[in-house]
Every structure is written in C-alpha cells, then in structure tokens.
Amino acid sequence: MPKYPDAAASRAYYAAFSAVSAWLTRQGKSLSKHSAVESAVHRDLVHAGLWPAGLGADYSRLRQARDVGDYAVMMHVTSDQAYESIDVAARIIEAVHKLAPDDFPWPSDT
C-alpha cells in the first residue's frame, strides 16, 4: 500500500508525461503545457493509429488522478487509484519505448 497515494499518482503521471513529451519532442513538437501534451496524445498517437484508444483514455485518467493528488483539497487519491496510476504509467512508458526503441531503451536493453 503506498504510504502517500496522492504523491504516488502525481509521480506516476509525471513519469508518463515526461516520456510522452520526450517522444513528441523527437517528432519536432515541443509542448510544455499538460493540456497540450494530453491533446497530442489523442491527436498524434491515438487518432494516428499508433496507440489504442484505451491507452489515450488511460493517459487522461492518469492526468485526472494527478490533478486530484496535487490540487484537490477535499478529495484524495485512494491506494487503489495510486496503484492503477503506477500501472498506467508503466504501460505508457512501454508504449513510448515500442514507438522508438532506439531512442527510449529499457534499462535491460542497454
């Protein structure tokens, strides 16, 4: 059980955000706003057929969990949501790796 579910969800989101942002930068799209990266996930990855729609929806849910964890006052991320966020972030990072394995190798690949 994560000791700090809000922080776990936030860190998971930032791991996914950083991976997607890096891939987009390699594609010549330097985006810094979270909303712009989320839009690019749907436009450049899901609608382009590079990712399944479910992974795009997962990214959006991950961002929502991060918003709750970082900014909500009366709500908090549950332990289950934190674990889900970690799993989603891992799937997103793996999907980025599969798009460009030479640019984003797994640690075991190096």
Side-chain angles (χ1 to χ4, degrees):
M1 170 177 281
K3 189 171 183 179
Y4 302 103
D6 287 335
S10 179
R11 299 314 185 273
Y13 166 75
Y14 276 104
F17 172 81
S18 296
V20 171
S21 295
W23 183 83
L24 289 166
T25 298
R26 298 289 281 172
Q27 305 308 305
K29 298 173 184 168
S30 182
L31 306 171
S32 59
K33 288 189 164 196
H34 296 275
S35 58
V37 171
E38 184 177 6
S39 293
V41 163
H42 294 282
R43 180 189 61 239
D44 299 333
L45 294 168
V46 174
H47 291 172
L50 298 174
W51 279 10
L55 195 56
D58 284 346
Y59 186 91
S60 294
R61 276 195 310 281
L62 186 59
R63 181 171 176 223
Q64 291 168 353
R66 174 261 180 175
D67 288 346
V68 169
D70 284 356
Y71 300 113
V73 175
M74 302 298 290
M75 295 173 47
H76 293 283
V77 174
T78 67
S79 290
D80 288 344
Q81 290 168 324
Y83 280 121
E84 179 185 353
S85 295
I86 293 165
D87 288 342
V88 166
R91 288 196 311 271
I92 289 169
I93 293 166
E94 180 179 13
V96 169
H97 163 73
K98 287 180 179 179
L99 289 172
D102 292 337
D103 292 333
F104 304 100
W106 284 126
S108 61
D109 292 345
T110 57

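These numbers come from a predicted model, not from an experiment. Basis for what follows: all heavy atoms, side chains included, without hydrogens, waters or symmetry-related copies.
- By the neighbour-count criterion of 12 heavy atoms within 6.0 Å, atom CZ of Arg11 is sparsely surrounded, having that number or fewer from other residues, nucleotides or ligands.
- Applying the side-chain contact (heavy atoms from CB on, under 4.5 Å) criterion to Asp70, with sequence neighbours excluded, gives Ser10, Tyr14, Arg66.
- Here the CG-CD distance, from Leu99 to Gln27, works out to 8.0 Å after rounding to the nearest 0.5 Å.
- To the nearest 0.5 Å, atoms OG (Ser79) and OH (Tyr4) are separated by 12.5 Å.
- Residue Leu62 is not grouped with residue Val68 when hydrophobic side chains (ILVMFWY) are merged at heavy-atom distances under 4.5 angstrom, including chains of intermediate members.
- The two atoms that bring Val77 and Ala65 nearest to each other are CG2-O, 3.4 Å, heavy atoms only.
- Counting heavy atoms from C-beta on, the side chains of Val46 and Leu55 never come closer than 4.5 Å.
- Annotation for Arg43: atom CZ counts as buried by contact number, over 12 foreign heavy atoms lying within 6.0 Å.
- Within the model, atoms CH2 of Trp23 and CG of Asp44 stand 6.5 Å from one another, a figure rounded to the nearest 0.5 Å.
- Scored by the salt bridge (charged side-chain N to carboxylate O under 4.0 Å, His left out) test, Asp67 finds no partners at all (sequence neighbours excluded).
- By the ring-ring contact (aromatic ring centres under 6.0 Å, His included) test, His76 is found to be paired with no residue, residues two or more places apart in sequence or in another chain being considered.
- Taken to the nearest 0.5 Å, the NZ atom of Lys33 stands 14.0 Å off from the OG atom of Ser21.
- Nearest heavy-atom pair, Ile86 versus Ala8, reported as atom, atom and distance to 0.1 Å: CD1-CB, 4.4 Å.
- Between Ile93 and Ala19, the closest heavy-atom pair is CG1-CB, 4.0 Å.
- The distance from the OH atom of Tyr59 to the NE2 atom of His42 is 9.0 Å, given to the nearest 0.5 Å.
- Both Phe17 and Leu50 belong to a common hydrophobic cluster when Ile, Leu, Val, Met, Phe, Trp and Tyr are linked at side-chain heavy-atom distances under 4.5 angstrom.
- Two residues are said to be in side-chain contact when any heavy atoms from C-beta on lie closer than 4.5 Å; Trp51 and Val20 meet this criterion.
- Taking every heavy atom of both residues into account, Ala40 and Leu24 meet most closely at CB-CD1, 3.7 Å.
- Separation of atoms CZ (Phe104) and CD (Glu94) is listed at 14.5 Å; rounding is to 0.5 Å.
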